Structure formats: structure tokens, C-alpha cells
Amino acid sequence: MSTYSMKEAAELVGYSTRTLRRAIDAGELLAARQSSGSIRISRAELAKWWRLRGGGDLFGPSEPSADLIEAIRIVARQELDRAKGS
């Protein structure tokens, strides 16, 4: 799975969806709002956020490339900007 719902992401890291929402609102965790209104969090962003909080490797040692992570960030930002504009 390359993206997770808020509930799925919260279950993976053992935090509440409220905690994840606060991290998103603070700009600590990038996420994309779909046209349906649901929020999706990429695997790479969730893993990065988890590591920055001292959680180690969330999905094991294999990491996506820096270029892939940056591409995901760009798409997530575009989706958030698009959602804010509608």
C-alpha cells in the first residue's frame, strides 16, 4: 500500500487520528485531501514523520529514493493547494 487513510496511519504508528491531524495542521506531516474529503498519507511521509519522532524504521530498512520522496511531497502539496482552492 502506498497511501494510508488517517485511521490506517494512526493504527500503524499507535497514535490517535487527532494526533496525526495536529501534525498535519502543524506542517510536520504532509498529507493529501482527496476530492471526497478524505485525507491520505503516503507511506514515505508517514515513515519520515515516524523517524523524526524517534520511532526508527516504520517499515523496515528499505527506503524509497530521495527523488521519489520529493515527487510525493510535490504531489501532496499540489493536492492540498488544489483542495484549499476549491
Side-chain angles (χ1 to χ4, degrees):
M1 178 175 286
S2 60
T3 65
Y4 300 96
S5 68
M6 290 285 285
K7 182 179 177 184
E8 292 167 332
E11 288 173 358
L12 278 168
V13 296
Y15 284 104
S16 69
T17 56
R18 184 178 216 168
T19 298
L20 294 184
R21 191 172 305 279
R22 282 194 303 264
I24 292 166
D25 292 344
E28 299 169 2
L29 175 60
L30 291 180
R33 184 174 301 275
Q34 296 182 315
S35 58
S36 65
S38 65
I39 295 173
R40 302 295 294 183
I41 302 168
S42 76
R43 178 183 171 109
E45 284 299 324
L46 186 62
K48 176 186 166 197
W49 179 78
W50 180 248
R51 278 192 311 278
L52 291 173
R53 293 184 64 93
D57 289 331
L58 184 58
F59 301 108
S62 63
E63 296 279 332
S65 71
D67 291 342
L68 177 59
I69 291 171
E70 185 58 26
I72 292 168
R73 284 188 184 125
I74 290 167
V75 170
R77 285 186 191 115
Q78 289 171 344
E79 287 295 318
L80 286 171
D81 290 344
R82 188 176 61 81
K84 288 178 185 176
S86 26

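All residue numbers in this chain count up from 1 along the given sequence. Because the structure is a prediction, the values reported are computed rather than measured.
Using a 4.5 Å cut-off between side-chain heavy atoms of Ile, Leu, Val, Met, Phe, Trp and Tyr, with links allowed through other members, Leu12 and Leu29 fall into the same hydrophobic cluster. Using a 4.5 Å cut-off between side-chain heavy atoms of Ile, Leu, Val, Met, Phe, Trp and Tyr, with links allowed through other members, Leu30 and Ile69 fall into different hydrophobic clusters.
At distances below 3.5 Å, not a single donor-acceptor pair connects side-chain atoms of Arg33 with backbone N or O atoms of Ala83.
How far CG of Leu80 is from CD of Gln78: 10.5 Å, rounded to the nearest 0.5 Å. To the nearest 0.5 Å, atoms CD (Glu8) and CZ (Arg43) are separated by 12.5 Å. With rounding to the nearest 0.5 Å, the separation of CD in Glu11 from OG in Ser5 is 7.5 Å.
Ala76 is linked by a side chain to side chain contact (heavy atoms under 4.5 Å, CB included) to nothing, counting only residues two or more places apart in sequence or in another chain. For Ala31, the side chain to side chain contact (heavy atoms under 4.5 Å, CB included) criterion is met by Ile24, Ile39, Ile41, not counting sequence neighbours. Every residue meeting the salt bridge (charged side-chain N to carboxylate O under 4.0 Å, His left out) condition with Arg73, not counting sequence neighbours, appears here in chain and number order: Glu45, Glu70. The side-chain hydrogen bond (donor to acceptor under 3.5 Å, both in side chains) test applied to Gln34 returns Ser38, not counting sequence neighbours. With sequence neighbours excluded, no residue forms a side-chain hydrogen bond (donor to acceptor under 3.5 Å, both in side chains) with Arg77.
Across Ser42 and Ile72, no two heavy atoms sit closer than the pair OG-CG2, 3.4 Å.
Sorted pairs that involve residues 20-44 and meet ring-ring contact (aromatic ring centres under 6.0 Å, His included), not counting sequence neighbours, are lacking altogether. Sorted by first and then second residue, the pairs that involve residues 20-31 and meet side-chain hydrogen bond (donor to acceptor under 3.5 Å, both in side chains), not counting sequence neighbours, are Thr19-Arg22. Screening residues 28-58 for ring-ring contact (aromatic ring centres under 6.0 Å, His included) gives Tyr15-Trp49 as the qualifying pairs, with residues at least two apart or on separate chains.
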